[in-house]
Every structure is written in C-alpha cells, then in structure tokens.
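Right, one structure below, let's go through it.
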Amino acid sequence: MTIIRGERMIIDGKSISQKRKDELKLKIDQLKQEGKRLPCLAVILVGDHQASQTYVRNKERGCQYVGMESQVIRLSSSISEEELIQVIDNLNKDNHVDGILVQLPLPKHIHEEKILDVIDPMKDVDGFHPVNVAKLVLGQEGLTPCTPQGMMVLLEEINYDLSGKEVVVVGRSNIVGKPVSFLSLKKNATVTIAHSRTKNLKEVCQRADVLIAAIGKAKFFNKDYVKPGAIVLDVGINRDENNKLCGDVDFEDVKEVASCITPVPGGVGPMTIAMLLENTLQAYLKRKG
Ligand code: NAP
C-alpha cells in the first residue's frame, strides 16, 4: 500500500485505488452470480474538451474493470440548456441507470449550477447536488464528492485517526476544499479552511497535523509550510516548468519533513475513479432498497 523510506511514508494511491476496485469487482461478480441487474453509470460529455474526453474514457474503463455497466452520452457543444436538462431528466427516470455524472466543465452558455441541480440526488454520484451537499454539512449519509472521499480512504488505509487532529485545508472549492473539510469534521478533526485571502498562510499551515493542498498552483507548498511529522495530501494537478505533471506541493522538499505524503501523480488522483465506482454501487443498493 505504501512505500516506507526510513521514517517517511509515501502513500501509494494507485495501489490503494486498485485494492478498492478489486473489492468492488468481487461485489459485482456476486451480483452477476445471483443473476441480478448490474449497477449502471451514465456519463454525459458535452463538447470535445480534450481533458474531459480522457477523464470520461477512464471512467468507462473503470466501469468495465469492475464489471459495472456504463453509458456515455456524447453531446454537441452547441446543445441548449433546455435540451441538456431533458437528457438528464430522461436518465433520472430510467430505472436501469443508477448513477449520473455530468463531466465538467460545461460550455460557457450552460449554467453548471442549474444543470447539477436537475440530477436526481439519489443518482448524483459526484455528490454535487445541493441535497447531498446539505447532507454532508449536516453529517448525514448521502453521496459524497469522490476526490474528498478518496482522501478519507487514504487516511483510513494508513490507519490514521483524525479525531482531535488539526486539519488545515488550503482551497475552498465546492468540489474539493469544502467537502474534504466537512468530511474531516465528521471524523472529529479540528478544521481550518484557508484560501487566497488567508493571512499568514505559512503559520496557519504549520499548525496542521494533516495539510491538504488544493489550490491548483504548481509546487506552491515547500517544507516551510509543513510541521515536521505532518501528513500531507496533495490534490493539485499541475504542470511544472518542464511540462511535467506535479502537485501543489514541492514533493522533493516536503518529503524530508512530512511523515506521510501523497505523490503526484499516483496519490490522491487515482482515488477519484475508485470512489466514483463505489458511489455508483452505493446509489444502486440504495435505489434497490
Ligand atoms: P479551484 O476551484 O480553482 O479553487 C482553488 C482554491 O485555492 C480557491 O479556494 C482559492 O482561493 C485557493 N487559492 C488559490 N491560490 C491560493 C493561494 N496562493 N493561497 C491560498 N489559497 C489559494 O480549484 P479546485 O477545483 O478545488 O482544484 C484544486 C486543484 O486540485 C487543481 O489543481 C485541480 O486540478 C486539482 N483537482 C484534482 C482532482 C483529482 O485528483 N482527482 C480533483 C479535483 C481537482 P479563493 O477561493 O480565495 O479564490
């Protein structure tokens, strides 16, 4: 699960994600053996955004790997908001579909918020619908956003108990920063959410037992931001000066002081698809009652 170098631990998100997918595969195999209908994920892709196409292909592959069904609905970037809403509405009513995901970003003429609000909360496997956001804030069970949930699983896998720990989340987006903060709070951590207006960011980060970097700035966090022995989870996906994939954390520098750290690539990133597939199974089981 992890590579241990001396006292330091590199959290291997790729193997942890693989392990979770293999566990899911066993559950889906069981459903097959029982002759049951299989969970089905529908992914809507609007336009021909290059990165989105790759993400959607990976989601399709993930479904194939665990044995779930998937549908990819490819729509022209010129589709109107009303037409897209109609497509979602049909999927909401389709009993065969358990999870619906609208790949973001959407073309500029379509309001993301309006579209995400139309998805049936029971099928909202991205966990972005206001009903699921409210459940997360209220500490109730619902579908939770995949990348934040993936970070919780990484901590579980290294047997780290968040109770009473100081978690500093840098970034307050609706898809990463805010949900991971509420998930940490649910685990009884003391949570600070920092952002671009936070004063004395270094000092704030140095308080963290767990530092979550989610700002989208290549190698922004060096070891001056990290308390010795802290756990560092790096959500960022950026390109460095050599066009090489890197996180928000200067990995080589920070790994000298952190007790555990996720690399980029191969840390938080691979967890997202595993969590999406888990959410689809959860939605399927809940809908089946
Ligand atoms: P986002 O919506 O752009 O939000 C960035 C956040 O970082 C904002 O809250 C912003 O503060 C804050 N911020 C920016 N510069 C800062 C600075 N210098 N100091 C402190 N805070 C700063 O980004 P996102 O969607 O959350 O994504 C963050 C990163 O995670 C990106 O690199 C993205 O590609 C990556 N990501 C990875 C995955 C995955 O691994 N599967 C999933 C999602 C995102 P303000 O609110 O004040 O502007």
Side-chain angles (χ1 to χ4, degrees), residues 11-14 16-18 20-21 43 49-59 61-62 101-106 112-113 116 125-128 133 136 144-155 167-184 191-208 211-222 224-226 232-241 243-251 254 261-279:
I11 305 174
D12 183 354
K14 214 169 154 193
I16 295 172
S17 164
Q18 188 59 45
R20 299 293 284 224
K21 284 191 283 190
V43 180
H49 193 269
Q50 200 65 44
S52 293
Q53 295 202 25
T54 309
Y55 294 145
V56 169
R57 221 173 11 252
N58 290 340
K59 284 165 188 166
R61 284 197 193 125
L101 181 150
V102 178
Q103 186 64 49
L104 301 177
L106 289 169
E112 269 177 21
E113 256 177 44
L116 296 178
V125 282
D126 251 343
F128 295 157
V133 174
L136 175 62
T144 45
C146 303
T147 305
Q149 183 61 33
M151 284 188 262
M152 292 298 117
V153 170
L154 290 178
L155 293 173
V167 173
V168 174
V169 180
V170 194
R172 56 174 162 178
S173 71
N174 291 337
I175 61 168
V176 183
K178 283 179 198 158
V180 79
S181 303
F182 280 104
L183 287 172
S184 303
V191 183
T192 302
I193 309 177
H195 45 78
S196 68
R197 314 281 174 91
T198 297
K199 293 208 169 77
N200 307 319
L201 185 63
K202 256 182 208 167
E203 287 73 15
V204 172
C205 291
Q206 280 164 356
R207 291 209 302 260
L211 176 64
I212 299 181
I215 67 171
K217 299 241 155 80
K219 299 183 185 175
F220 180 92
F221 298 91
N222 62 20
D224 298 346
Y225 287 80
V226 181
V232 178
L233 303 181
D234 189 356
V235 190
I237 303 176
N238 317 290
R239 296 268 165 196
D240 69 8
E241 59 283 4
N243 205 32
K244 221 177 126 212
L245 215 56
C246 72
D248 290 346
V249 174
D250 183 343
F251 182 82
V254 171
I261 181 168
T262 57
V264 177
V268 173
M271 296 305 294
T272 303
I273 289 199
M275 297 302 106
L276 171 67
L277 301 170
E278 290 194 9
N279 275 356

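We count ligands from 1, going down the list as the structure has it; atoms in each ligand are counted the same way. What you see is a predicted model; the values in this text were computed from it and never measured.
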note = Logged contact type for V170 with ligand 1, heavy-atom cut-off 4.0 Å, is side chain
Nearest protein heavy atom with distance in Å, relative to atom 41 (N) of ligand 1 = T272 OG1, 2.8 Å
query = What residue and atom, counting heavy atoms only, is the protein's closest point to atom 1 (P) of ligand 1, and at what distance?
reply = S173 CB, 4.1 Å
key: Which of the ligand 1 atoms, numbered from 1, are nearer than 4.0 Å to a heavy atom of V235   = 30 (O), 35 (C), 36 (N), 37 (C), 40 (O)
key: Heavy atom of the protein closest to atom 15 (N) of ligand 1 (residue, atom name, distance)   = K217 NZ, 2.8 Å
query = In ligand 1, which numbered atoms sit nearer than 4.0 Å to a non-hydrogen atom of F220?
reply = 18 (N)
query = What atoms of ligand 1 come within less than 4.0 Å of a heavy atom belonging to N238?
reply = 32 (O)
request  = Tell me, yes or no, whether the heavy-atom count around K14 atom NZ, taken from other residues, nucleotides or ligands under 6.0 Å, exceeds 12.
outcome  = no
query = Within a reach of under 6.0 Å around CZ of R197, are more than 12 heavy atoms found that belong to other residues, nucleotides or ligands?
reply = no
request  = Tell me which one of I193, I215, D234, V264 gets a heavy atom nearest to atom 12 (C) of ligand 1.
outcome  = I215
key: E241, CD atom: more than 12 neighbouring heavy atoms under 6.0 Å   = yes
inquiry  = Tell me the contacting part of M271 for ligand 1: side chain, backbone, both, or neither, using a 4.0 Å heavy-atom threshold, strictly below.
reply    = neither
message = Return the closest protein heavy atom for atom 31 (C) of ligand 1 as residue, atom name and distance.
response = G216 CA, 3.6 Å
remark   = heavy-atom search around atom 46 (O) of ligand 1 in the protein gives R172 NE, 2.7 Å
message = How long is the straight-line distance from CG of N200 back to OG1 of T198, given to the nearest 0.5 Å?
response = 9.5 Å
ask   = Given the protein's heavy atoms, is any one of them under 4.0 Å from atom 3 (O) of ligand 1?
value = no
remark   = ligand 1 to I175, heavy atom cutoff 4.0 Å, flagged ligand atoms 25 (O)
note = Among H195, M275, R197, closest by heavy atom to atom 21 (N) of ligand 1 is H195
query = CG/D126 to CG/N279 distance, rounded to the nearest 0.5 angstrom?
reply = 8.5 Å
query = Do the side chain of D234 and the main chain of V249 share a donor and acceptor less than 3.5 angstrom apart?
reply = yes
note = OG of S196 to CD1 of I215, rounded to nearest 0.5 Å, is 9.5 Å
remark   = When rounded to the nearest 0.5 Å, the distance separating CG of L233 from CE of M271 is 11.0 Å
task = Identify the protein heavy atom lying closest to atom 10 (C) of ligand 1, giving its residue, its atom name and the separation to 0.1 Å.
result = S196 N, 4.3 Å
ask   = Roughly how far, to the nearest 0.5 Å, is CZ of F220 from CG of L201?
value = 5.5 Å
key: Ligand-side contact atoms (ligand 1) for residue partner G269, heavy atom cut-off under 4.0 Å   = 40 (O)
ask   = Can you name the closest pair of heavy atoms from C205 and F221 and give their distance?
value = SG-CE2, 4.0 Å
inquiry  = So which atom in T272 and which in C146 form the shortest heavy-atom distance, rounded to 0.1 Å?
reply    = O-CB, 3.5 Å
key: Close approach of A214 to ligand 1, heavy atoms, under 4.0 angstrom   = yes
ask   = For atom 33 (C) of ligand 1, what is the nearest protein heavy atom, given as residue, atom name and distance?
value = I237 N, 4.2 Å
message = If the cut-off is 4.0 Å to any non-hydrogen atom of L201, which atoms of ligand 1 fall inside it?
response = 19 (N), 20 (C)
query = atom 43 (C) of ligand 1: which protein heavy atom is closest, and how many Å away?
reply = V176 CG2, 3.7 Å
query = Rounded to the nearest 0.5 Å, how far does OG1 of T144 lie from CD of E278?
reply = 9.5 Å
